[in-house]
Structures are given as structure tokens and as C-alpha cells.
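Remember, predicted model here, so these are calculated numbers, not experimental data.
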Amino acid sequence: MRAEEILEASVYASDLDAAERFYTSVLGLEVMQRVEGRHVFFRCGARVLLVFNPERTREGAVVPGHGSEGPGHVCFAMREQEIDAWRERLRAAGVPIETEHRWPSGGFSLYFRDPAGNSLELGTPRIWTIDEEDVFGVGKGG
């Protein structure tokens with residue numbers, strides 16, 4: 001047996017309202033659950049992005065306490081053909097792109113930050129020598 005997929009990933013932000021505005025308006029994610037002052041969860045394809053207030057999640061409850069200090073990192077998959085459109089969407093939303101990088105494997109990344117300072121990346125699957133069809137599936141615009 002081995003773990004085969006990442007089901008969810010998390011970042012931390014004390015201002016959940018700002019996080020919700022950013023992830024819905026800039027990245028187009030859909031809110032699937034919110035607990036005022038504690039967390040906001042977003043659907044991201046077939047996976048989930050969790051944004052927690054670190055002060056509240058350290059308390060623990062049904063799940064063990066957890067939290068993080070300083071910026072985290074998450075990479076969202078994008079198609080090669082979407083690079084220019086994502087670049088323009090970020091600029092139009094007033095989100096500075098910190099770095100653009102073409103990787104030796106042929107993949108490409110755009111790096112930027114959310115309002116909490118988390119390092120976010122839009123990357124093509126080729127970063128990790130993964131075919132787009134393996135991420136997006138056949139017939140999903142790839």
C-alpha cells in the first residue's frame with residue numbers, strides 16, 4: 001500500500017475574509033465550507049484547499065491541533081495553453097507575479113502571494129514530468 005493522491009492541502013491566514021475574496025475572485029475557487037473565524041475550505045477540481053486561522057486550529061477539537069508560522073506554499077495546476085491567460089488574470093486582479101520560471105523538464109511556473117503572504121504557484125504538470133492528461137483527464141480542454 002502507498003498513498004496515491006493528495007486529497008487536501010492547507011495554508012494559514014488570520015484574515016479569512018481577505019482569503020475568501022482572493023481565492024474566489026482571483027483563482028475562481030468555490031467555497032464549500034466556512035466556520036467564522038476558524039476556516040474556509042475551497043473546492044479545487046477534485047481536491048480541497050483548506051485555509052485555516054492558525055490561532056483557532058492550534059486549539060484542536062475533533063482533529064488534533066495544528067498551525068503554522070510564516071508563509072506556506074501551494075501549487076495549483078494549469079495547462080500550458082493557459083499561461084498567458086493566467087498571467088493576465090493575475091495582473092488584472094492587481095496580484096504581482098514574483099517570478100516566472102521555465103523548468104528544465106519543460107514545465108512552467110508563475111509565483112505570487114495571497115493576502116496572508118503564502119507563496120502560491122500556478123504550474124504546468126511538466127514541472128514534475130507529468131502529462132497534462134494525467135492531471136486534467138482526457139477531453140477536459142487539454
Side-chain angles (χ1 to χ4, degrees), residues 1-60 63-142:
M1 274 180 34
R2 66 184 175 98
E4 294 190 39
E5 292 282 348
I6 293 175
L7 182 60
E8 61 188 34
S10 66
V11 293
Y12 294 86
S14 57
D15 187 342
L16 296 177
D17 292 332
E20 183 173 339
R21 284 189 301 275
F22 179 85
Y23 285 98
T24 57
S25 67
V26 176
L27 295 181
L29 302 184
E30 174 188 337
V31 174
M32 57 182 295
Q33 187 181 107
R34 181 180 174 89
V35 172
E36 191 63 37
R38 186 179 189 285
H39 67 255
V40 58
F41 298 164
F42 302 90
R43 173 78 59 208
C44 184
R47 310 295 182 257
V48 179
L49 175 68
L50 312 172
V51 180
F52 289 110
N53 178 340
E55 295 302 317
R56 292 285 304 278
T57 58
R58 282 192 189 102
E59 298 166 5
V63 296
H66 54 84
S68 177
E69 298 293 329
H73 172 73
V74 174
C75 178
F76 298 93
M78 72 173 164
R79 293 173 178 85
E80 183 79 25
Q81 69 189 33
E82 297 173 336
I83 293 170
D84 290 337
W86 274 113
R87 186 183 291 122
E88 180 53 36
R89 182 174 180 140
L90 292 170
R91 288 188 178 137
V95 178
I97 295 171
E98 289 187 350
T99 302
E100 297 188 22
H101 188 75
R102 176 67 65 184
W103 297 95
S105 61
F108 185 84
S109 296
L110 296 169
Y111 290 91
F112 53 101
R113 300 220 175 240
D114 74 3
N118 290 299
S119 174
L120 303 181
E121 176 184 1
L122 283 161
T124 61
R126 294 297 308 155
I127 292 168
W128 299 110
T129 63
I130 298 170
D131 292 329
E132 283 191 9
E133 296 80 31
D134 292 337
V135 173
F136 299 111
V138 177
K140 291 189 177 180

Test log, rule salt bridge (Lys or Arg N to Asp or Glu O under 4.0 Å), inputs Glu88 and Arg91: CA-CA 5 Å; Glu88 180 53 36; Arg91 288 188 178 137; 5.5 Å; no
Test of ring centre spacing under 6.0 Å for Phe41 and Tyr23: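 Not under 6.0 Å, so no.
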Closest contact, heavy atoms only, [X] versus [Y]:
{"X": "Val26", "Y": "Ala93", "result": "CG2-CB, 3.8 Å"}
{"X": "Gly37", "Y": "Asn53", "result": "O-ND2, 3.1 Å"}
{"X": "His66", "Y": "Thr57", "result": "O-OG1, 2.7 Å"}
{"X": "Ser68", "Y": "Pro54", "result": "O-CB, 3.9 Å"}

Polar contact flag, side-chain donor to acceptor under 3.5 angstrom, Tyr12-His39: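 Distance-only check fails for Tyr12 and His39.
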Parallel, tilted or perpendicular: ring planes of Phe112 versus Phe22, cut at 30 and 60 degrees: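 Rings of Phe112 and Phe22: tilted, 30 to 60°.
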Criterion side chain to side chain contact (heavy atoms under 4.5 Å, CB included) on Phe76 and Leu49, from CA distance to verdict: CA-CA 10 Å; Phe76 298 93; Leu49 175 68; 3.8 Å; yes
Do side-chain atoms of [X] reach the backbone of [Y] as a donor and acceptor pair under 3.5 angstrom?
{"X": "Arg102", "Y": "Gly106", "answer": "yes"}
{"X": "Asn118", "Y": "Pro71", "answer": "no"}
{"X": "Glu132", "Y": "Glu80", "answer": "yes"}
{"X": "Asp131", "Y": "Asp134", "answer": "no"}
{"X": "Asp15", "Y": "Asp17", "answer": "yes"}
{"X": "Ser105", "Y": "Ile127", "answer": "yes"}

Steps toward side chain to side chain donor-acceptor pair (under 3.5 Å) verdict (Glu98, Tyr111): CA-CA 5 Å; Glu98 289 187 350; Tyr111 290 91; over 6 Å; no
Salt bridge (Lys or Arg N to Asp or Glu O under 4.0 Å) assessment of Arg38 paired with Glu36: CA-CA 6 Å; Arg38 186 179 189 285; Glu36 191 63 37; over 6 Å; no
Minimum side-chain heavy-atom gap His73-Leu120 below 4.5 Å: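 Not touching, per the 4.5 Å side-chain cut-off.
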Test: Arg126 cationic atom under 6.0 Å from Phe108 six-membered ring centre, within 45° of axis: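 Pair Arg126/Phe108 does not count as cation-pi.
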Worked verdict on Arg34 versus Leu16 for side chain to side chain contact (heavy atoms under 4.5 Å, CB included): CA-CA 9 Å; Arg34 181 180 174 89; Leu16 296 177; 4.0 Å; yes
CA sep, side-chain torsions, deciding dist, call: Val40, Leu50, side chain to side chain contact (heavy atoms under 4.5 Å, CB included): CA-CA 6 Å; Val40 58; Leu50 312 172; over 6 Å; no
Chi angles and distances behind the side chain to side chain contact (heavy atoms under 4.5 Å, CB included) call for Leu7, Val48: CA-CA 7 Å; Leu7 182 60; Val48 179; 5.8 Å; no
